[in-house]
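One structure below.
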Amino acid sequence: MKFAKLENLLGDTERCGGICELAIQQPRLDMPELLWKAYIDFERTQYIKVWIPYAKFELSMENPKTKDKERMITLRQTNLI
């Protein structure tokens, strides 16, 4: 996250996005929710390339509220909320 932030501060948004993409593909992350939040904040968009993997991540979590999160993500993506 710090490397991505550095690249963003230097104005290299393409490299920042690439670092975020590499990060989310790692098989093990200590705090994946922070990475996802940083990536989404960086994109600040309805960009589907960000939201679909995030929805898949939420679905992979063993949490009874996962379905609600998936619905919220879908609604945000489709601009219904």
Side-chain angles (χ1 to χ4, degrees):
M1 288 172 43
K2 289 183 181 183
F3 285 125
K5 186 175 182 178
L6 172 67
E7 294 298 341
N8 193 32
L9 288 173
L10 294 172
D12 194 342
T13 55
E14 186 174 327
R15 189 169 174 94
C16 177
I19 290 170
C20 289
E21 284 290 326
L22 287 172
I24 63 172
Q25 294 174 16
Q26 298 306 305
R28 184 172 174 206
L29 298 168
D30 292 335
M31 300 179 80
E33 64 280 0
L34 293 180
L35 174 62
W36 279 108
K37 182 180 180 335
Y39 190 18
I40 290 169
D41 288 346
F42 162 70
E43 290 292 338
R44 296 184 205 282
T45 184
Q46 299 296 320
Y47 191 45
I48 194 105
K49 192 174 180 183
V50 174
W51 288 102
I52 288 176
Y54 177 62
K56 287 179 182 178
F57 161 73
E58 285 292 348
L59 285 172
S60 73
M61 302 303 290
E62 293 185 17
N63 185 336
K65 295 182 179 181
T66 299
K67 292 292 183 188
D68 292 336
K69 287 181 183 179
E70 178 191 12
R71 286 185 188 101
M72 291 302 292
I73 291 166
T74 303
L75 291 172
R76 283 186 197 137
Q77 177 59 32
T78 57
N79 293 319
L80 295 175
I81 60 169

(request) Indicate, with yes or no, if Ile24 and Leu22 share a hydrophobic cluster defined by side-chain heavy-atom contacts under 4.5 Å among Ile, Leu, Val, Met, Phe, Trp and Tyr. (result) no
(request) Report whether Leu6 and Ile19 are members of the same hydrophobic cluster (ILVMFWY, side-chain heavy atoms less than 4.5 Å apart, transitive linking). (result) no
(request) Quick one: closest heavy-atom pair of Cys20 and Tyr39, and the distance? (result) CB-CD1, 3.4 Å
(message) Once rounded to the nearest 0.5 Å, what's the spacing between atom NZ of Lys5 and atom CG of Leu9?
(response) 6.5 Å
(request) First locate atom NZ of Lys37, then atom CE of Met1, and finally report the distance between them rounded to the nearest 0.5 Å. (result) 9.0 Å
(request) Inspect the surroundings of CD in Glu14 and state if more than 12 heavy atoms from other residues, nucleotides or ligands are less than 6.0 Å away. (result) no
(request) State, with a plain yes or no, whether a side-chain heavy atom of Arg15 is found less than 4.5 Å away from one of Phe3. (result) no
